[in-house]
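Basis for what follows: all heavy atoms, side chains included, without hydrogens, waters or symmetry-related copies.
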Amino acid sequence: MTVDHVRGVVVDIEEPKTVNTQYGESDLCEVTIRPDRRSGEPTTVTLWGKWTENAEVIETGMEIAVYNPDEREYQGEQQYSVGGDATLVVQPDFLVDVTDIRAWVQCPRMYYLRKLDGADHAYPLVKGTVVHEVFGDLLRGRDLDTAIEEQVDAAGLDIGLLGREADEVAGDVRDHASAIQGWLRQGTLTETDGAATAADNSERDFSPAESEWRSEMTLISERFGMKGRADAVRRGMPVELKTGKNTKREPRFQDKIQATAYALMLGERAAGAGSAVEAAPDTGTLLYTKNAAVDRNEESGDLSPAKEFSIGSGLLNYVVRTRNAIAAMEYDSGVPTGYEANAKCEYCFEQDTCMAVSGRLDQESKAGTVGRAVPDEELDYFESFYTAIEAERRAVHREYAKLWEQTPEERADNDRALIDLEPIGRTELDGGRWELRATGTGAVSKIREGNLVLASDGDPVTGNAELARVERLGNEAPRASDSGNGNAVAEEIVVTADEPLDLRRLDVYPSELTTDRLQNALHDAVLLQSPEQKDVLFGRREPEFNAVEETFIDNNEAQNEAVQLAVGAEDFALVHGPPGTGKTYTLARMVRALVEGSKTPSERASGERSDPRDGGDRVLLSAFTNRAVDNLLEALEDQGYTDIVRVGTESGVREDMQKYRLETSGDPGECAGRLQNAQVVAATTATCGGSTLQTQDFDTAVVDEAGQLTEPGTLAATTLADRFVLVGDHQQLPPVVQSEDETLSTSLFERLIDAHPDAGVMLDRQYRMAQHIQAFASREFYDGQLRPATGEVAAQRLDDLDGVSTSRLPEGLRDRVAFVDPGGSQVGNTNPTEADRIAEIVASYRSAGVPADDIGVIAPYRAQVAEISKRLPDVTVDTVDRFQGSSKEVIVISFVATGTLDSPIFEDYRRINVALTRAKKALVLVGDGDALATDEVYGRMVEWARG
DNA sequence: TCTCTGCGTAGAGGA
């Protein structure tokens, strides 16, 4: 029997050796694996020829897979060898980007520098991007002039930030685009059978046949652990557009490698279970548009920018071996050592960065080093965070595995996808995008409106798949066919995408963007910040403050002190804001004080005031979520401050804050000017880590909800400013971290507040909860220091609401805090009996006159949230995590668990702190009293609630 | 094995 592949964990590797075979001398290396699909008997895999190069980087413990192996039985044992048509894949679960393979081929150092340093804002990049967009438009049959005009307009902000003019860029783009168009016409001519003439191929009727061309194809390979996006595919063959100059006759090697990688993945799609190498297209095309642009201007002969090259098994396997080298190097996810370089450094444009990074990290490098190494504690810090971020990257890679799960059980368990959708239509939108519609089954998934998803015709890996944005996940009335079971709700699903397809499945698109930005923030903070700025981060110096006498808020001492501290801070200030303490109001007041203040803290301390337009701080306002950023803007607006620019995506920014949103398209000077002249810039931390805001700097960064941010996440904002203010509550939810690594789960806010308690102020008066509701949280989480701000706050009750009478409530719900044990039992992550009871409880409050809008239901699991929502369509029902930051008059909490509390969700007590402190006037806990009593803290909570 | 938001995706070029 032959198998299409073997896969397993490496348990032993022999030294490579050279042997004589019937074909002459050959290298071989024997690797022993413990296969994961067999009984666990060790199996020998022999690597032949060039595959032995990979043997040098393979370590025991790594996983390898061999496709189409030569198989033979030797002394009763199955043996496999990699040579001929077989392919070796090292660490198949580590997904390597095609552009990373390209970088590695240039120089392995380049691969690491890209990862650490991120992209800079450079004209060739912006121009290249615009040309690529125009290329895509031409393939979609659009008119050249319109395409250029629109795409240059779309890049307005980037062009403006580089100080360029639209006309100038349009001219440059036209040179490239004309070359493409000329070549496209030429191609159409030679391939159109006889009849066509040059005249027939006028601009007007030129339109590449749909079947022949496919632009911008997303490719994800399970088999090769590789992903990327091809510029275009023509008759199944990859076409890559290069806007750089290449004066050589031959295509550049790294460009060939890039196109070959796409060819390999196209081969995998074509091959089915067969050999991807054999099925791969045999030709690749590289379009060097600058050559043609130069030729045209010089009126020299060759107008064709295209260089074709043949793709053979040698090149395809080289791509796989390079990919393997990267995956193996990433196995221990260590900081690059500096020894990776194997290219010529002499002409390298990254030489300066390369030497600087090596110098800072105290490494040797072939290119040499500059600068002094950062202190040991910083090296340790860098290393531990680098490793932790890479562990997060691994977690993202594991999410990709969901894309190729195929068994019905796996698919049913997959809450990262919406499957079995029924396509109901598509519409072409302005600008060439498509709106795709389908009806869904109402299944529970992580996918939400606004998310970026992979939309497909049913199979996201081998089928037709496109990145898409979820526009609507609306519920409709149940379809007639669903009326029997009563709980399946058909929903209309609307997405937008670049290309049309039959919408049958949506998958969460696992993006490494966050990990990339965290890595960049770490690099910027440790390797680029000045030693003085880093002193306070590494505990070498206490943060300094100037005394500020001015009163900013006159009815709340702690709030006033917080603003004074922030205004007087030379390095940083910390504001600890427990639930309902007016954190957002204080923050807005603080931002106004910073903006109005004079330039230096010492000047501020002496009370001098200069013209706010040129004297005040330039402030960066940031938070982890778009919602938190928009809440801050709302508070600023409420206080009459509107000199704000909000940077972010259209789908991320709340409707009423769109008026502040920075337009990224339009007149370059206007776009850039708006950003550059803004006194207050607001954006999520992820956006702060992006290239747009990297062009900006600020006097003060103010970061809200800082307790929810990882340390590098916070640094993405703080590295853009001279000093920073962190506002948050480390007794509420910590950052969400997917990997086991604990390094990222403590926020910078928490670390600094522990290390420098004097640099922080705790807001201790809360304006939200009745006395009895806040009592438990105050005692358990805030040392009893959290108090109601006024007697009115303390004494508030439901009867205060118009038309509400608690006398109409059942006995057990009349107290401000109640506990209900409905019986029932946990089913998966739901508890239907509890959901029923919660629906009854909510109905009681409704009968007593409480509007639906004043009631909120909180559950630990999404599945239970869905269960309750079905019964209460008019009431806000959500997870604890998503309820953080808001509040309701009445809160009902579902605990789901029965018997024991063994789910990890109950381990972090901060989650219950958040849930309990959402209520203003009434709080009902619904759960299994016995299960809750098994834990000390939950036990005390039940005691308190039973009152 | 539970919580989950971000980001125009990835790639755009320089010598």
Side-chain angles (χ1 to χ4, degrees), chain A residues 97-100 102-103 106 110 114 119-133 154-155 158 216 218-219 227-231 240-247 252 254-255 258 290 344 346-351 415-416 433 446 448 450-454 466-469 496-498 508-518 623-629 648-652 664 683-691 705 708-709 713 716 733-738 740 829 859-863 865 879-882 884 896 902-908 910-911 914:
Chain A
D97 272 332
V98 171
T99 45
D100 282 335
R102 179 180 204 270
Q106 289 179 80
M110 199 103 81
R114 268 165 54 98
D120 46 351
H121 209 81
Y123 181 57
L125 293 184
V126 172
K127 185 178 71 181
T129 306
V130 175
V131 174
H132 275 76
E133 294 294 332
D158 284 332
E216 297 185 10
T218 299
L219 296 161
K227 61 185 160 83
R229 194 171 194 197
D231 282 343
E240 275 301 298
L241 180 61
K242 294 292 162 196
T243 51
K245 165 169 70 188
N246 175 21
T247 49
R252 279 178 301 209
Q254 63 264 31
D255 298 339
Q258 185 179 3
K290 196 163 185 174
K344 281 196 191 109
E346 203 178 347
Y347 303 114
C348 179
F349 40 82
E350 292 284 24
Q351 192 175 9
D415 65 353
R416 303 183 55 84
R433 275 177 73 83
K446 289 186 183 237
R448 298 184 195 274
N451 283 4
L452 199 62
V453 292
L454 201 55
E466 273 292 318
L467 281 153
R469 170 91 51 199
T496 48
D498 277 345
V508 173
Y509 186 77
S511 169
E512 290 179 53
L513 185 132
T514 312
T515 35
D516 289 343
R517 299 237 167 130
L518 293 182
F624 180 51
T625 63
N626 276 309
R627 192 169 60 167
V629 172
T649 58
E650 194 179 351
S651 63
T664 54
T684 60
T685 48
T687 300
C688 289
S691 62
E705 307 276 15
Q708 276 187 77
L709 278 164
L733 291 171
V736 175
V737 176
Q738 300 190 74
E740 307 273 300
N829 286 330
Y861 309 109
R862 262 186 297 113
V865 166
T879 55
V880 186
D881 300 59
R882 285 169 57 87
Q884 178 155 337
V896 182
D902 56 6
S903 166
I905 199 139
F906 292 106
E907 277 169 20
D908 197 330
R910 289 176 284 191
R911 189 164 271 113
V914 173

Q | Side chain of A/Arg911 - closest among B/dT3, B/dG8, B/dC2 | A | B/dT3

Q: Please tell me which of the listed nucleotides, B/dC2, B/dC7, B/dC4, lies nearest to the side chain of A/Ile905?
A: B/dC2

Q: Rounded to the nearest angstrom, tell me the gap between atom CZ in A/Arg469 and atom P in B/dC7.
A: 9 Å

Q: Write down the distance between CZ (A/Arg448) and C1' (B/dT3), rounded to a whole number of angstrom.
A: 11 Å

Q: Would you indicate, yes or no, if B/dT5 has its OP1 or OP2 atom less than 4.0 angstrom from a side-chain nitrogen or oxygen of A/Arg882?
A: yes

Q) Rounded to whole angstrom units, what separation is found between the NZ atom of A/Lys446 and the P atom of B/dG6? A) 15 Å

Q: Quick one: list whatever passes salt bridge (charged side-chain N to carboxylate O under 4.0 Å, His left out) with A/Arg517, sequence neighbours left out.
A: none

Q | Residues that A/Asp902 engages under salt bridge (charged side-chain N to carboxylate O under 4.0 Å, His left out), provided they are two or more places apart | A | none

Q: Would you kindly give the CG-to-C1' distance between A/Asn626 and B/dC7, to the nearest whole Å?
A: 10 Å

Q) How close or far is atom P of B/dC7 from atom CD of A/Glu650, stated in whole angstroms? A) 13 Å

(Q) Dot-bracket, 5' to 3', for DNA chain B please: Watson-Crick or G-U pairs under 3.5 Å, [ ] where pairs cross earlier ones, | where the partner sits on another strand, dots elsewhere. (A) ...............

Q: Apply the test side chain to side chain donor-acceptor pair (under 3.5 Å) to residues A/Arg469 and A/Thr496: give CA-CA distance (whole Å), side-chain angles for both, the deciding distance (0.1 Å), then the verdict.
A: CA-CA 5 Å; A/Arg469 170 91 51 199; A/Thr496 48; over 6 Å; no

**Q.** salt bridge (charged side-chain N to carboxylate O under 4.0 Å, His left out) against A/Glu512, all qualifying residues, sequence neighbours excluded
**A.** A/Lys227, A/Arg393

**Q.** B/dC4 to B/dG8 separation - P atoms, rounded to the nearest Å
**A.** 22 Å

Q: Write down the distance between CD (A/Glu705) and C1' (B/dT5), rounded to a whole number of angstrom.
A: 12 Å

Q) Taking the side chain of A/Tyr861 as heavy atoms from C-beta outward, which of B/dG8, B/dC2, B/dG6 is closest to it? A) B/dC2

Q.
Do A/Leu733 and A/Arg911 have side chains that approach each other closer than 4.5 Å (heavy atoms only, starting at C-beta)?
A. yes

**Q.** Residues forming a salt bridge (charged side-chain N to carboxylate O under 4.0 Å, His left out) with A/Arg448, sequence neighbours excluded
**A.** none

Q. Using the C1' atom in both, what is the distance from B/dG11 to B/dC7, to the nearest Å?
A. 15 Å

Q) Can you check the A/Glu740 CD to B/dC2 C1' distance for me, whole Å? A) 12 Å

**Q.** Basic-acidic side-chain contact under 4.0 Å: A/Arg102, A/Asp97
**A.** no

Q. Would one find a side-chain N or O of A/Asn451 under 4.0 angstrom from OP1 or OP2 of B/dT5?
A. no

Q: Any chance you could list the contact pattern along nucleotides 10-15 of chain B? Use B for base contacts, S for sugar-phosphate-only contacts and - for none, protein heavy atoms under 4.0 Å, 5' to 3'.
A: SBBBBB

Q: Output yes when at least one side-chain N/O atom of A/Thr879 is less than 4.0 Å from OP1 or OP2 of B/dT3, else no.
A: no

**Q.** Distance-only donor-acceptor test (3.5 Å): side chain A/Arg862, base B/dT3
**A.** no

Q | For atom CZ of A/Arg627 and atom P of B/dT5, their distance in whole Å | A | 9 Å

Q: Verify the contact: side-chain N or O of A/Ser903 to OP1 or OP2 of B/dT1, cut-off strictly under 4.0 Å; return yes or no.
A: no

